[in-house]
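A, B, ... follow the sequence lines: proteins, then strands. Residue 1 opens every chain. Bear in mind that the values here come from a model prediction, so they are computed numbers and not experimental data.
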Amino acid sequence: MDLVYELIFTVFPYLCLTVFVLGHAYRYVTDRYKWNARSSEFLEKKSLFWGAILFHIGIILTFVGHAGGLLIPQTYYDLFGITGDMHLSIAHWTGEVVGIAALLGCLLLLGRRLFNLRVRAAGTFNDLFTLGALAIVIGTGVYNVFFGRYNVLYSVAPWIRGIVTFSPDPDLMRPVPLSFKIHVTAAWALLGFSPFSRLVHIWSVPVFYFFRRHILFRRRATGGTGAEALSSPAPGGKEG
Amino acid sequence: MKIKAQTAMVLNLDKCIGCHTCSIPCKNVWTTRKGAEYMWFNNVECKPGIGYPKKWENQDVHRGGWQLKNGRLELKAGGRLHKGINIFHNPDLPTIDEYYEPWNYDYESLITSPERKHQPSIRPRSQLTGKHMDLSWGPNWEDDLAGASETAVGDINFRDLDHALYLQFRNVFMFYLPRLCEHCLNPACVASCPSGAMYKREEDGIVLVDQERCRGWRYCVSGCPYKKVYFNWKTGRAEKCIFCYPRVEAGMTTLCAHTCVGRIRYVGLFLYDADRIAEVASAKEDTDVYPAHLDILLDPEDPEVTDRAAAQGMAPNVIDAALRSPVYKLAKAWKLALPLHPEFRTLPMVWYIPPLSPIRDYAEPGQESDLIDRLRIPVRFLANLLTAGDEAPVRLALHRLSAVRHYMRSVRVEGQADEALLQAVGLDRDTTEAVYRLLALARFDERYVLPTTRPDASQLHQFQGRCGFNPDAA
C-alpha cells in the first residue's frame, strides 16, 4: 500500500512534471513549425464563440483559483483574517461558477469537434484527445466542487506544496476521497501530455505585442531568421 | 531621410484580358497543399463585383486596414487591448465560406464506371469534408459579370454612382482586376500580428510570415484590408504571397508577371523615404493619402537621393536597378499608375494603370464633352477604386493614355506627327514615345528590373529544403 501511494502521489507527479518541462523544451527546439493554437475559427465561427469564450475564461480563472488556493498556505490567509471556512466557502462558490463555465465551454467545443464535419476533418486525433482529457479533468473537478464536501486545505494543498518544494509526502493523500484522487492524477497526466498537444499555445500568449512597435523590419541575410532556422532540424525531417 | 528600397509592381489594366494565366503558375507552385486549396496568392477579379473573399473592399464589413481617429492613425479593427480581449474569438475573421469551399471531382470514377445506358457523370466533392456538395460560390464566380446583376450591387466602388443604371444591359461595363499582396509600406497585417511573426524585409520591402513564429492568432487575416493573408486551415498558420522571393533574389521576376500573356505587368524598385511613412499614412483626408504617398517615392535620377542611399549602405546594384525602374516611371514620372484603395492607409505597392474603354455615344458637334466622361467605365468608379474618389489623377492618367494613342496613330497611320493633344496633358514628344515603348513594346528586361541578392554562400547548404511552406506539416 505504501508503495502504491508513493508511486501514484510522488513518482507519477514528478514524472509528469519532468515530461512537462523537458517535453516543452524538446518540442520548441524540434517542432516550432507546428507550435500554434490550431484554431478552427476559420472553418466555423458561430458555435465556436460560446465554446471558446466560456472555456477560456473559465479555465483561466480556474487556474488562478487553484494557484491561489493550493500553493499559498492557509496560514497566510489567516494573517489577513480569512479563516479556513471563509476560504473554502469562497473557493466553493467561485469554483462552481468558473468550473461550470469551463466545463460547459469544453463540452461545447468537444461536441463541435465531433459533430461539425469541417472541424472534424481539419482536426487530428490529438486535438480530440486533448479536449477529452480536459473534459475529464474539468468534469471531476466540477464534481468535487459540487458533491465532494471535503476540506482540501489541510491535505491536498500541503501535498501539492510538498511536491513543488521538493519535500513530497504521499501520506497526506491517504484520507482524500477517491474523486479528488482521480482529479489530481488526471491533471498530472494532462500536464505531462500538454507539451505534445496544441496546449503549447498557452506559452505563446503574445505579451510583447502590447509593447512592441507596429511595423517590424528584418534583415534577410543576418540575425533572426537565419540563426533560428539553424537551431532546428529541417522541417519534415529532411537533413541539409 | 532614411532611404529604403521597395520591390513593387504595376499592372496595366488597359491590357488585361482576364485570362487568369497569372493565377495558374502561382497556384501550382505555392498553394496546392492541403489546407491551402482555397488560397489564391494571385487572383483575377472582374469589376464590378464583390470579389474574393466576398466584399473584401468593404471595411465596414471586414474592418481591415487603418483609420484616422481624432487625428491618430490606428488599426480599424481596434488596437492592442481590443486584440488581447478578443484573442479567443476574432470577431472580424472571415470564414472559408466567404472565399469558397474548395472542391474536386472523382475523375477516376469516369474510367472505372461500369457500362451503362447513360454516360457516367461526376459530382463535386468537398476538399474539406470529402462529402458531395452543391456549388453555390467559387473562385471567379463573377467572371465576366456572371451574376453581376445581383452581386455587383454590393461593389463599394459604385459609391456616388447609380449602380442600377450601370448594371442595365445597355450601360454595362467591366474590366479585370488581377490582385496579389500589395507588400505595403505600412502593412496592417504586420501591425496586427500578435506574435511578431510577420515582417517587412529591410532590403526589398517584401512582406513575409515567419512560419516558425506564426502561432495562428489570425489577426493578420482580418487586419489586411486586401484580404491577401490566408489562413491554412490544416496547419493553423497564416500564409501569403511571398512575391516569389526565391526568384526575385535571383533577379527573376515573379511567376504571375513572368507568365502574363498580355505583358501587363511591370516589376521594379522604388526608393522611398522611410522616415515619413507615419506622416503619409496619417494624411488628413482619404484623398490626401495618394499625393502624399507619391511624394515619398524618391527620384532615383536625383544624385542627392542616390548619394545618400549609397552613404546609408544601399548596394550599388540596387541603386542601379532603381535608376532603370519601370514602376517609378509609370507611377511617379508619368503618373499613369495609381494605388489600389489608398484610403486603407496601408500605402500599397502594387499599382494599377486605369483602363480606357469604348466610347459610349457620339457627341453632337459643338457639344463635345470631355472624352473621358464618355467612356463606358465611369471615371468615378475608377476613382473610387484607385484614388479614394479623387477623379483628377484618374482623368490625368486616362487623358495621357488616350493622348499617347492619338499621337502614335498620327505617326503610324497618318504619317504626320500630331502633337496637339500632348501639350494639354503635359507630355512632350520624347516622353510620349517612351510611354509608348514601355506600354506597348518593352521587352522582358525593360519590364522587369530587379537587382540580384548575393546569398550567404557559406550557409546555403544548411537551408536546403527549408524555404517556403512545408508540405509535410499538418
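Interface residue A:R213: only backbone heavy atoms are found under 4.5 Å from chain B. Only the side chain of B:I87 comes within contact range of chain A, with at least one heavy atom under 4.5 Å from a heavy atom of that chain. A:S204 touches chain B through backbone and side chain together, each having a heavy atom under 4.5 Å away. Looking at B:C189, neither its backbone nor its side chain comes within 4.5 Å of chain A, counting heavy atoms on both sides. Interface remark: B:Y38 contributes side-chain atoms only to the contact with chain A (heavy atom separation under 4.5 Å). Contacts of B:A197 with chain A are made by backbone atoms alone, with heavy-atom separations under 4.5 Å and no side-chain atom involved. Residue contact with chain A, scored on non-hydrogen atoms closer than 4.5 Å, is absent for B:E98. The parts of B:N186 that come within reach of chain A are both its backbone and its side chain, each placing non-hydrogen atoms under 4.5 angstrom from that chain. Contact of B:N90 with chain A is made through backbone and side chain together, with heavy-atom distances under 4.5 Å. Of the atoms belonging to A:I60, it is side-chain heavy atoms, and not backbone ones, that fall under 4.5 Å from chain B.
Annotation for B:L75 and A:H214: closest pair CD1-CE1, 4.0 Å, computed over non-hydrogen atoms. B:S195 and A:P206 get closest at one heavy-atom pair: N-CB, 4.5 Å. Shortest non-hydrogen contact noted between A:I215 and B:W66 is CD1-CZ2, 4.3 Å.
The number of heavy-atom neighbours closer than 6.0 Å to CZ of A:F12, taken from other residues, nucleotides and ligands shown, is above 12. The 12-atom threshold is not exceeded at OH of A:Y26, counting heavy atoms of other residues, nucleotides or ligands nearer than 6.0 Å. Taking a 6.0 Å sphere around CH2 of A:W50, one finds it holds 12 or fewer heavy atoms contributed by other residues, nucleotides or ligands. No more than 12 heavy atoms of other residues, nucleotides or ligands lie within 6.0 Å of CZ in A:F63, so this atom counts as exposed by the packing criterion. For A:F146, the CZ atom sits in a packed shell: over 12 heavy atoms of surrounding residues, nucleotides or ligands are nearer than 6.0 Å.
Considering CG of B:L93 and CG of A:L48, their distance stands at 10.0 Å, rounded to 0.5 Å. Going from atom CZ of A:R32 over to atom CZ of B:R213 covers 9.0 Å, rounded to the nearest 0.5 Å. Between atom CZ of residue A:F55 and atom CZ of residue B:F88 there is a gap of 9.5 Å, rounded to the nearest 0.5 Å.
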| said: Checking B:D97 against A:R118 for the salt bridge (Lys or Arg N to Asp or Glu O under 4.0 Å) test, could you report, in this order, the C-alpha distance in whole Å, the side-chain angles of both residues, the deciding distance, and whether it holds? | reply: CA-CA 11 Å; B:D97 292 312; A:R118 286 182 181 181; 2.8 Å; yes
| task | Quick one: do A:E41 and B:R218 satisfy salt bridge (Lys or Arg N to Asp or Glu O under 4.0 Å)? Show the steps, please. | result | CA-CA 9 Å; A:E41 184 187 351; B:R218 319 175 293 292; 2.9 Å; yes
| query | Going through the distances and angles, do B:Y99 and A:F42 end up as a ring-ring contact (aromatic ring centres under 6.0 Å, His included)? | reply | CA-CA 11 Å; B:Y99 301 80; A:F42 183 66; 5.6 Å; yes
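When each of A:A52, A:S40, A:G123, A:S39 is checked for heavy-atom pairs under 4.5 Å with chain B, A:S39 comes out on top. Counting heavy-atom pairs closer than 4.5 Å to chain A, the top residue among B:R80, B:K83, B:E202 is B:R80. Note: B:P194 leads B:G236, B:C193, B:G196, B:P194 in heavy-atom pairs under 4.5 Å with chain A.
Counting only distance, with no hydrogens or angles, the side chain of B:R215 and the backbone of A:W35 share a donor-acceptor pair below 3.5 Å. Without hydrogens or angle criteria, A:Y209 side chain to B:A191 main chain gives a donor-acceptor distance under 3.5 Å. A:K45 places no side-chain N or O within donor-acceptor distance of the main-chain N or O of B:P94, the cut-off being under 3.5 Å.
You'll find the side chain of A:R218 stays beyond 4.5 Å of the side chain of B:R201, heavy atoms only. Taking the side chain as every heavy atom from C-beta outward, B:T95 and A:L43 never approach each other to under 4.5 Å. Here the side chains of B:C214 and A:N36 are not in contact, with every heavy-atom distance at 4.5 Å or above. Counting heavy atoms from C-beta outward, A:L216 and B:M198 have side chains that stay 4.5 Å or more apart.
Taking the centre and axis of the six-membered ring of A:Y33, the NZ or CZ atom of B:R237 falls inside the cone set by 45° and 6.0 Å. Because its NZ or CZ atom is both nearer than 6.0 Å to the ring centre of A:F217 and within 45° of the ring axis, B:K4 counts as a cation-pi partner of that residue.
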